Participant: 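After the C-alpha cells below, expect a handful of questions from me.
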Amino acid sequence: MTKLTPMERIWFIVNLIPKGAVLPYGTVADLAGLPGRARYVSRALKLAPQSLALPWHRVINSQGKISFTNNSEPFRIQQQLLRLDGIEVNAGKISLSQYKWQPDIATLVMTLPF
DNA sequence: AAGATGACGTGCT
DNA sequence: GAGCACGCCATCT
C-alpha cells in the first residue's frame, strides 16, 4: 500500500464525493486525518493537478455556500457545475440541507488506504 | 527573512 | 442573522 501525502489524502476523499452531494472543507479535512485543517483543503484543491479531474465543486464551506468571492469567475463556474449535478443553488447558497452528504465515518474510514 | 494572504471553522457579541 | 476575533499554516509578496 502506497503511503499517501496529506494532500493526496485530501484528493482521495474529494474524489469519493458522489454526484448530487456536497461536503464541507472541514469534513474533508477530518476524513483525510487532518482535523482543524479546513484551510489546507482549499490549498490542496487549488494545487490539484487538472489531470485528476477531481469533483472539486462538490466541496463547499460549513455555511453551505460557495467560498469564492461573490460572482467571481470561479464562483460562477462552481455554481454551474453544481447545477449540472442537479443541485439547486441560489446566490452561491445550496438551498436544501439534504444535499449535504453525511458519510458513515466509521465505515468509510475503514475502507481508506491510509 | 518577515509579513500578508486565504476556495475555512468555531465561538462570541 | 451579521459581524468580528481567533486559530490554523502552507504559499506568496
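Labels below follow one simple rule: chain letters A, B, ... track the order of the sequence lines, proteins then strands, and each chain is numbered from 1. This is a predicted model, so every value here is computed, not measured.
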Participant: Which residues satisfy the side chain to side chain contact (heavy atoms under 4.5 Å, CB included) test with A38(A), sequence neighbours excluded?
Facilitator: Y25(A)
Participant: Between R37(A) and D30(A), is any pair of side-chain heavy atoms under 4.5 Å apart?
Facilitator: no
Participant: Looking at L34(A) and R9(A), what are the two nearest heavy atoms and their distance?
Facilitator: CD2-NH2, 3.9 Å
Participant: Could you identify which residues of residues 78-90 of chain A place a heavy atom less than 4.0 Å from some atom of DNA chain B, listed by residue number, or say none?
Facilitator: none
Participant: Pairs under 3.5 angstrom only: tabulate donor-acceptor contacts from the side chains of residues 74-82 of chain A to other protein residues two or more places apart or in another chain.
Facilitator:
unit_1, atom_1, unit_2, atom_2, d
R76(A), NH1, N71(A), O, 2.6
R76(A), NH2, E73(A), OE1, 3.0
Q78(A), NE2, H57(A), O, 3.0
Q78(A), NE2, V59(A), O, 3.1
Q79(A), OE1, G92(A), N, 3.0

Participant: For N90(A), enumerate each residue passing the side chain to side chain contact (heavy atoms under 4.5 Å, CB included) test, keeping only those at least two apart in sequence or located in another chain.
Facilitator: E88(A), S95(A)
Participant: Is any side-chain heavy atom of V22(A) closer than 4.5 Å to a side-chain heavy atom of W101(A)?
Facilitator: no
Participant: What residues form a side-chain hydrogen bond (donor to acceptor under 3.5 Å, both in side chains) with T107(A), not counting sequence neighbours?
Facilitator: D104(A)
Participant: Can you list everything that forms a side-chain hydrogen bond (donor to acceptor under 3.5 Å, both in side chains) with S72(A)? Sequence neighbours excluded, please.
Facilitator: none
Participant: Give, ordered by number, those residues of residues 58-76 of chain A having at least one heavy-atom distance below 4.0 Å to an atom of DNA chain B; if nothing qualifies, reply none.
Facilitator: N61(A), S62(A), Q63(A), S67(A), F68(A)
Participant: Give each protein N/O atom lying under 3.5 Å from an N/O atom of nucleotides 9-13 of chain C, with the pair distance.
Facilitator:
unit_1, atom_1, unit_2, atom_2, d
dC9(C), O2, R43(A), NH1, 2.9
dA10(C), O4', R43(A), NE, 3.3
dA10(C), O4', R43(A), NH2, 3.3

Participant: Please name all residues satisfying salt bridge (charged side-chain N to carboxylate O under 4.0 Å, His left out) with D85(A), sequence neighbours left out, ordered by chain then number.
Facilitator: R58(A)
Participant: Out of curiosity, L16(A) CG to L23(A) CG, how far, rounded to the nearest 0.5 Å?
Facilitator: 9.5 Å
Participant: Between dA4(B) and dA5(C), how many Å separate the two P atoms, rounded to a whole number?
Facilitator: 16 Å
Participant: Can you name the side chain to side chain contact (heavy atoms under 4.5 Å, CB included) partners of A44(A), sequence neighbours left out?
Facilitator: M7(A), I10(A), W11(A)
Participant: So where does chain A start and stop touching DNA chain B, 5' to 3', when the test is distance under 4.0 Å to a non-hydrogen atom?
Facilitator: dG6(B) to dT10(B)
Participant: Can you run down the side-chain hydrogen bond (donor to acceptor under 3.5 Å, both in side chains) pairs that involve residues 59-69 of chain A, sequence neighbours left out, and say none if there aren't any?
Facilitator: N61(A)-S67(A)
